[in-house]
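First listed ligand is number 1; within each ligand, the first listed atom is number 1.
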Amino acid sequence: MRIFCCEDYADMSRKAANVISAQIINKPNSVLGLATGSTPIGTYENLVARYEQGDLDFSDITTVNLDEYKGLSGEHDQSYRYFMNYHLFSKVNIDLSRTNVPDGTEPDSDKACADYNAIIDSVGGIDLQLLGLGHNGHIGFNEPSDCFDKLTHCVDLTESTIEANKRFFEKVEDVPRQAYTMGIQTIMSAKKVLMVVSGEDKADIVAKAFAGPITPEVPASALQLHQDFILVGDKAALSKLLQ
Ligand code: F6R
C-alpha cells in the first residue's frame, strides 16, 4: 500500500489524475474501473483538462463503473450513468459504446448482475480501479457485512448510505433502496487500485480501514491485501492514519 498525503482536495485531485494519466499513457487501451460520488469529481476535472490540452487520448479506453442504483435509468440525473456522462464521458474522446455501468433498469437482479459480470470478463478484467470510501467503510456499494461478497450483486442500502445520499435527491423517500455493485473479489482482481479520500469526516474510517483489522465489517479493509493499492488523500482525511 502506497499513501500520497496531499495538501488539500485540489492537490488530491491532481495527484489522483496523475496516476490515472500515467495508466492511460502507458497503456492506451486500458480498462478503467470508475467511481462516482463527490470525491472523484476533481479527479475527473483534471483528466478533462489534460485531454483538452492534448495530453490524454481516451479513444482506446474501456470503462466499467462500480455500481448503479437499481430502478434508475441513465437519463435520471441521479443515476451513476448520468453522472459519468456528465463529468467525464461527454467531455473526452471516449467511445461511449465502450463505457459500461450496471443496468439499473433491469428489474431482474440475477440477470443484471450476471450480465455485468460477463461484461467485466469480456473486457479482460480491470487495469486500474478508482474508488471512493463511504463513511461506514463501503467501497462501491459493498456495505459492512459478515462476509466479503465476491462478484456483482444486488444490495439493500444501509440507512447511513441512504442518509448520506439523500442530499442528491429532493426527499429521502426518493433515494433508491437497492443498488447493483461490483463485488470485492472483482475490485481486488484489478491490477491497480486507486482510492481518493478527502475531508476530516473521513479520517476515522480511513484509520479503521487501513490501520485496523481486515474484516467484512469494514469492506475497504480488504484493500490492505492488494498488491498495488494507492491511497491518495488530503491531510484532513489521512490525519488519523498517519498520526
Ligand atoms: C461511488 C461509490 C461509493 C462512493 C462512496 C464515497 O460509485 O461506489 O462507494 O465512492 O460512497 O462517496 P463520496 O465520494 O461522495 O464521499
In ligand 1, which numbered atoms sit nearer than 4.0 Å to a non-hydrogen atom of [X]?
X: Lys202; result: 13 (P), 16 (O)
X: Thr39; result: 13 (P), 14 (O), 16 (O)
X: Arg167; result: 15 (O)
X: Leu66; result: 8 (O)

Fill in the blank from the handout: Ranking Pro219, Ser198, Gly132 by closest non-hydrogen atom to atom 10 (O) of ligand 1, top hit is Gly132
Exercise for the section: Select the closest option to atom 9 (O) of ligand 1 among Gly140, Ala35, Ala179, Gly137, judged by heavy-atom distance. Expected result: Gly140
Practice task
Please check if the side chain of Asp11 supplies one atom and the backbone of Cys6 the other of a donor-acceptor pair under 3.5 Å.
Solution key: no
Handout entry: Phe141 six-ring centre to Lys70 NZ/CZ under 6.0 Å and within 45° of normal
Key = no
May I ask you to identify the nearest protein heavy atom to [atom], giving residue, atom name and distance to one decimal place in Å?
atom: atom 11 (O) of ligand 1; answer: His138 NE2, 2.7 Å
atom: atom 1 (C) of ligand 1; answer: Thr36 OG1, 3.1 Å
atom: atom 6 (C) of ligand 1; answer: Leu133 O, 3.5 Å
atom: atom 2 (C) of ligand 1; answer: Asp67 OD2, 3.3 Å
atom: atom 12 (O) of ligand 1; answer: Gly37 CA, 4.2 Å

Exercise for the section: Could you tell me whether Tyr80 and Tyr69 have their ring centroids closer than 6.0 angstrom? Expected result: yes
Problem - Within the 6.0 Å centroid threshold, strictly below: Phe229 and Phe210 - result: yes
Thinking salt bridges, do [X] and [Y] make one under a 4.0 Å N-O criterion?
X: Asp204; Y: Lys240; value: yes
X: Asp127; Y: Lys27; value: yes
X: Lys235; Y: Glu7; value: yes

Handout entry: Cluster check Leu128, Val48: I/L/V/M/F/W/Y, side chain < 4.5 angstrom
Key = yes
Handout entry: Tyr80 N/O under 3.5 Å from ligand 1 N/O
Key = no
